[in-house]
Amino acid sequence: MAFTLYSLLQAALLFVNAIAVLHEERFLRNVGWGTDQGIGGFGEEPGIKAQLMNLIRSVRTVMRVPLIAVNSITIVLLLLFG
Amino acid sequence: MAYHQGYGGQGSKHRGRGPLVPPAPDPHQLFDDTSAGFPHAQGTPSSGIDMGFNTLLADPMANMAVAYGSSIASQSKDIVHKEIHRFMSVNRLKYFFAVDTAYVTKKLALLLFPYAHQNWEVRYSRDTPLTPRQDINAPDLYIPSMAFITYILLAGIALGLQQRFSPEVLGMCASTAFVWVIIEVLALLLSLYLVTVQSDLTPFDLLAYSGYKYVGMILAVLGGLLFGSDGYYVALAWTSCALMYFLARSLRMKLHPSLVPDGMGHPRGGGRGQTYVTLGAAACQPLIVYWLTFHLVR
């Protein structure tokens, strides 16, 4: 497997897109991964599932606007240069 | 954290303007300061520069132009320094390169034969970890970067011996190895976040621990070049076992503060997850080493 730095960037962009596309109401809640279903209180250590749900929610909140910009730039570059 | 800022930052930035004698090195500075007498531009540096150029340029317009240009240059240098400091603390990076030859030789011996080492703790001095010069257990970035470059050169030699060499292949090999390291550091960060371990492992620490596998890779490729396929597998097995043991012991010492004598003493709920992360990270090393080297020793 030969990687370039550009392929790493592409893979990272696709991965973050995949996380951003998971819809809160229609999908995550049905699976049981909604963010209001797993809070376990303050004193305990959050398990792996709670950490994952927190991570998904924070990635979606933070990366929503930058993803629009980065996706547009990538689309334009791919159209121009293949 | 406190020690991020406390390193050489105070000592190097707050000198007076234009001392002619280098200040005595205070114990928090990592390297000797050889840039004495450099005036920091904070107002008009023209007085210091004019005196030097007075005899050369009698033209006052040229004098003003020189003064203006130098003030612009030093202002942009300050801006660049500030921008870089926002992303990456340069002092933190300097800590990883404060090594000397005794440390490097002992660390290389430790990487190849870690079974005799007893004490794996990283010693601290007043909240700041000791530099690699003083503590053999401290991670450094010098050995990984040198080993990375040596590995790229060895890959070029190996490919040349098989008549498969071309400069593009060398660049591809270099970027592949680099990308694998970045992927591994990101995977380690993600798994450490998921098991909610409180440790002081910065991304640079993880980069250092991931980069130690290049030493094993170099030995495996050398064994393959010198002794054929058998030599490659023997060297691969030996360095993989040594690297797994080294990484397991080092990460366990950094992730389990409860093992420190003055720690809490009771195992927390995340202890099992930490063990899994350590063992998983150690187990992935031989796979990556094999993946990155077997195409060189066909």
Side-chain angles (χ1 to χ4, degrees), chain A residues 1-22 24 28 31-67 69-71 73-74 77-78 81-82, chain B residues 148 152 155-156 159 164-199 210 255-258 264 266-277 280 287-296:
Chain A
M1 238 191 292
F3 288 137
T4 57
L5 278 179
Y6 176 66
S7 62
L8 180 69
L9 288 177
Q10 259 192 331
L13 183 65
L14 287 175
F15 197 62
V16 178
N17 273 333
I19 296 188
V21 174
L22 299 171
E24 180 71 43
L28 291 180
V31 178
W33 278 26
T35 50
D36 51 353
Q37 293 169 346
I39 322 270
F42 270 124
E44 311 163 2
E45 298 253 343
I48 291 190
K49 185 173 155 193
Q51 287 288 100
L52 256 184
M53 291 180 336
N54 264 337
L55 184 66
I56 290 179
R57 183 178 56 146
S58 43
V59 165
R60 290 182 66 237
T61 317
V62 167
M63 297 296 286
R64 196 163 281 179
V65 173
L67 264 185
V70 175
N71 274 330
I73 296 177
T74 312
L77 283 179
L78 281 179
F81 300 117
Chain B
F148 180 70
I152 296 176
L159 288 176
R164 283 194 293 155
F165 179 78
S166 79
E168 291 93 23
V169 173
L170 203 64
M172 184 66 66
C173 198
S175 56
T176 305
F178 190 58
V179 162
W180 271 112
V181 164
I182 291 189
I183 289 180
E184 188 187 346
V185 170
L186 288 178
L188 267 177
L189 279 174
L190 180 71
S191 45
L192 282 178
Y193 171 77
L194 285 182
V195 295
T196 65
V197 57
Q198 276 104 24
S199 73
S210 304
L255 291 180
H256 278 247
S258 55
M264 285 307 230
H266 64 84
R268 294 178 308 200
R272 228 184 42 213
Q274 296 170 7
T275 315
Y276 284 154
V277 165
L287 299 176
I288 300 182
V289 170
Y290 179 69
W291 188 269
L292 282 175
T293 50
F294 81 97
H295 67 275
L296 294 174

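None of these values were measured; they are calculated from a predicted model. Labels below follow one simple rule: chain letters A, B, ... track the order of the sequence lines, proteins then strands, and each chain is numbered from 1.
Heavy-atom distances place the side chain of B:I183, and not its backbone, under 4.5 Å from chain A. Of the two parts of B:I182, only the side chain, counted from C-beta on, holds a non-hydrogen atom closer than 4.5 Å to a non-hydrogen atom of chain A. Using a 4.5 Å cut-off between heavy atoms, A:L8 touches chain B through its side chain atoms alone.
Considering only heavy atoms from C-beta on, B:I288 comes within 4.5 Å of B:E184 through its side chain. Taking 4.5 Å as the limit, some side-chain heavy atom of A:L67 sits within range of a side-chain heavy atom of A:V16.
Distance check: B:L189 CG to B:Y193 OH gives 12.0 Å after rounding to the nearest 0.5 Å. To the nearest 0.5 angstrom, B:C173 atom SG is 10.5 Å from B:F165 atom CZ.
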